[in-house]
Amino acid sequence: MPVITIDGPKMSKEQKSKLVAAYAESASEIMGLPVEAMVIIIREVEGENVGVGNKLLCDR
């Protein structure tokens, strides 16, 4: 059971649904496993909780 983790900004339910479908279908095709075997975890991260270089992402 492959696990795909996506860290990204806050998204709508529709965006998450599209993202999960795209990742699951692509990984299924590449790995030769059924799409039902794919597990996708989405972690939404606010820009104030991410640092890039010496700045918070929200301050860039």
Side-chain angles (χ1 to χ4, degrees):
M1 157 179 67
V3 177
I4 300 167
T5 304
I6 303 165
D7 293 313
K10 193 153 182 69
M11 293 177 278
S12 69
K13 184 176 178 182
E14 181 179 295
Q15 289 172 310
K16 291 179 209 179
S17 181
K18 288 180 181 179
L19 192 62
V20 165
Y23 269 88
E25 290 167 17
S26 182
S28 171
E29 181 181 323
I30 292 167
M31 294 181 188
L33 296 170
V35 73
E36 296 82 14
M38 303 301 147
V39 174
I40 293 96
I41 299 169
I42 299 173
R43 294 188 294 204
E44 294 178 321
V45 182
E46 298 292 333
E48 65 185 28
N49 295 328
V50 179
V52 178
N54 63 350
K55 295 189 182 213
L56 291 174
L57 189 58
C58 63
D59 292 338
R60 288 181 58 168

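For reference, positions follow the sequence shown, starting with 1.
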Query - Pairs where residues 50-60 contributes a residue and the test salt bridge (Lys or Arg N to Asp or Glu O under 4.0 Å) is met, not counting sequence neighbours - result: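 Found none.
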Query - Under the side-chain contact (heavy atoms from CB on, under 4.5 Å) test, residues paired with Glu29 that sit two or more places apart - result: none
Just distance, no hydrogens or angles: give the donor-acceptor pairs under 3.5 Å from side chains in residues 34-50, sequence neighbours left out.
residue: Arg43; atom: NE; partner: Asp7; partner atom: OD1; Å: 2.7
residue: Arg43; atom: NH2; partner: Asp7; partner atom: OD1; Å: 3.2
residue: Arg43; atom: NH2; partner: Asp7; partner atom: OD2; Å: 3.1
residue: Glu44; atom: OE2; partner: Met11; partner atom: N; Å: 2.9
residue: Glu44; atom: OE2; partner: Lys16; partner atom: NZ; Å: 3.1

